[in-house]
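Written below as structure tokens is the structure these notes are about.
Treat the numbers as computed from the prediction; the structure is a model and nothing was measured. Hydrogens, waters and symmetry mates play no part in the numbers below; they use all other heavy atoms, side chains included.
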Amino acid sequence: MPKSRIRKKADYTPPPAKQATAIKLDSRAWVAPVMLAMFLIGLAWIVVFYVTDGSLPIDKLGNWNIVVGFGFIAAGFGVSTQWK
């Protein structure tokens, strides 16, 4: 009786090495400082208005100084949407 052929196992070949892909990062380094600056300017505007009994920062605006302060804070939140 003839001897059957022995199947030879294929040698192990490691998978091809993955090539590193360059990750493009947009520079958003300006977002955090601008956001914090807007928050602090708005807060300082409101605090100065209350501490000086309405005579500063702009006397002619009167109670609208509060709206200006909250406007700076809202602008800070608007800038924060650009943060990644």
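At distances below 3.5 Å, at least one donor-acceptor pair connects side-chain atoms of N65 with backbone N or O atoms of G62.
Side chains of V68 and I58 form no contact here, defined as non-hydrogen atoms less than 4.5 Å apart.
When all heavy atoms are compared, the tightest approach of V79 to V31 is O-CG1, 3.6 Å. Closest heavy-atom contact between M35 and G76: CG-O, 3.5 Å. Heavy-atom minimum distance, G54 versus D59: O-OD1, 3.5 Å.
Linking ILVMFWY side-chain heavy atoms closer than 4.5 Å, directly or via other members, places V47 and I41 in two distinct hydrophobic clusters. Hydrophobic clustering places I73 together with W64 (ILVMFWY residues linked when any side-chain heavy atoms are closer than 4.5 Å, directly or through intermediates). Hydrophobic clustering (side-chain heavy atoms under 4.5 Å, transitive across Ile, Leu, Val, Met, Phe, Trp, Tyr) keeps V67 apart from V48.
Here side-chain hydrogen bond (donor to acceptor under 3.5 Å, both in side chains) pairs that include residues 70-81, with residues two or more places apart or in two chains, number zero. For residues 30-57, every residue pair satisfying the ring-ring contact (aromatic ring centres under 6.0 Å, His included) rule, not counting sequence neighbours, is listed here: F39-F77, W45-F72.
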